[in-house]
Amino acid sequence: MKLRDTPSASPALWRSLPCPAAELRLDLVLPSGQTFRWRESSPGSWTGVLGGHVWTLRQERDRLWYTVYGGEAAAGADTDRLLREYFQLDVGLQELYRAWGAADPLFREAAKDFPGVRVLRQDPVECLLSFICTSNNHISRITAMIDRLCQAFGRRLCHLDAQPFHAFPSLTALTGADAEARLRALGFGYRAKFVSGTARAVTEGLGIEGLHHLRAVPYAEARRVLCALPGVGSKVADCVCLMALDKADAVPVDTHVWRIVRQRYGLELGGRSLTPRAHQEIGDFFRGLWGPRAGWAQAVLFCADLHKGRDLAGSRDRDKES
DNA sequence: GTACGGCCTCTGTC
DNA sequence: AGACAGAGGCCGT
């Protein structure tokens with residue numbers, strides 16, 4: 001199959017939803033470390049795997065355009081709904097930005113150049129296993145690792161211009177006796193034991209349905225269950241709660257957020273290291289500041305922080321060239 | 001309850 | 001070029 005860049009080339013294969021840029025910015029959300037499965041396949045077009053199919057997404061004129069490969073006949077109301085649920089488009093972002101900004105001048109300042117940053121509603125298995133891989137790691141390497149994970153353990157879906165696309169692996173694909181060794185061979189390091197161990201623990205314990213059921217239990221309980229899995233601590237559990245389990249008040253606290261709290265908010269919460277109590281205190285601080293969707297606001301701040309770092313690196317590169 | 005070292009490997013930086 | 005620190009942490013002590 002051939003990659004489809006834009007609706008104008010083959011309009012019959014594309015559909016669209018109303019979606020202004022203030023509500024969603026693909027270029028800010030998809031590469032910023034919430035998900036590791038989307039690539040900018042050509043300028044402004046994002047190709048990735050969602051719900052067991054390969055999609056290309058594109059924003060034009062206040063609409064979100066999409067095409068699904070291989071399932072052309074199936075594209076319709078169901079794919080509209082899947083996409084709306086993935087991006088949680090029923091949540092009005094502009095109103096939230098206004099409220100967060102009114103409560104917090106620092107948010108207003110940071111968010112000014114980063115509209116349309118929203119939290120995705122991801123598959124719990126994919127989110128859980130992916131974020132186990134994020135410890136002591138960078139987005140660039142995580143992305144490459146997840147890519148290899150899918151190629152090695154995931155079902156092949158199709159080729160686009162000779163490039164293969166794979167589904168995210170099933171839990172059972174990762175419970176084999178040799179899974180850990182294979183993951184190590186793929187460069188997962190000490191995370192290999194955690195990924196295979198969590199796959200096994202979920203399979204033999206609460207099950208996929210039990211994992212999905214965490215969407216219906218309180219945040220504190222979901223967090224407690226997740227933290228019992230190998231390789232899952234406070235930070236990873238909060239990421240999964242926020243991005244897959246409908247806990248909008250979960251605030252993942254990592255070294256970046258901790259630094260922001262100290263430098264920008266001038267707070268010394270939780271002492272010298274990121275102890276469980278520090279996680280709790282910092283999370284409570286942001287929930288008090290931003291309210292019940294504090295995790296969403298944190299995603300905006302994180303995105304702004306990420307780009308600030310990239311911009312600094314970029315200006316240094318330009319300095320070197322001149 | 002907190003503090004610390006170790007862990008795999010890679011990337012960015014000097 | 002080659003070393004080196006630090007990376008969206010977690011676990012055992």
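In what follows, every chain begins at residue 1, and chains take the letters A, B, ... in the order their sequences are listed. These figures come from a predicted structure and were not determined experimentally.
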With a non-hydrogen cut-off below 4.0 angstrom, is A:Val257 in contact with a base, only sugar-phosphate, or nothing? nothing
Say you pick atom P in B:dA3 and the same atom in C:dG8; how far apart are they, in whole Å? 23 Å
Quote, to the nearest angstrom, the P distance that separates C:dG9 from B:dG1. 23 Å
State whether the distance check finds a donor on one side and an acceptor on the other, under 3.5 Å, for side chain A:Arg141 versus base B:dT11. no
Using a cut-off of 4.0 Å on non-hydrogen atoms, how would the nucleic acid contact of A:Gly231 be classed: base, sugar-phosphate, or nothing? sugar-phosphate
Would you indicate what A:Ser130 reaches in the nucleic acid, counting non-hydrogen atoms under 4.0 angstrom: base, sugar-phosphate, or nothing? nothing
Bounded by its outermost nucleotides with an atom under 4.0 Å from a heavy atom of chain A, the footprint on DNA chain C reads C:dG6 to C:dC11
What protein N or O atoms touch nucleotides 3-7 of chain B N or O atoms at under 3.5 angstrom, if any, and at what distances?
{"unit_1": "B:dA3", "atom_1": "OP2", "unit_2": "A:Ser273", "atom_2": "OG", "d": "3.2"}

Looking at every strand, decide which applies to A:Arg191 at a 4.0 Å heavy-atom threshold: base, sugar-phosphate, or nothing. base
Which part of the nucleic acid does A:Phe302 contact within heavy-atom distance under 4.0 Å: base, sugar-phosphate only, or nothing? base
Atom CD of A:Glu180 and atom C1' of B:dC8 are separated, to the nearest Å, by 12 Å
Where each pair must be Watson-Crick or G-U wobble with both distances under 3.5 Å, what dot-bracket representation of DNA chain C is obtained, with crossing pairs in [ ] and other-strand partners as |? .||||||.|||||
Sugar-phosphate, base or nothing in reach of A:Leu229, heavy atoms under 4.0 Å: sugar-phosphate
Looking for any heavy atom pair under 4.0 Å, which part of the strands does A:His256 touch: base, sugar-phosphate only, or nothing? sugar-phosphate
Under the 3.5 angstrom rule, does the side chain of A:Gln34 hit a backbone N or O of A:Ala299 as a donor-acceptor pair? no
For a quick check of understanding: with a heavy-atom distance under 4.0 Å over all strands, which category does A:Val253 fall into, base, sugar-phosphate or nothing? nothing
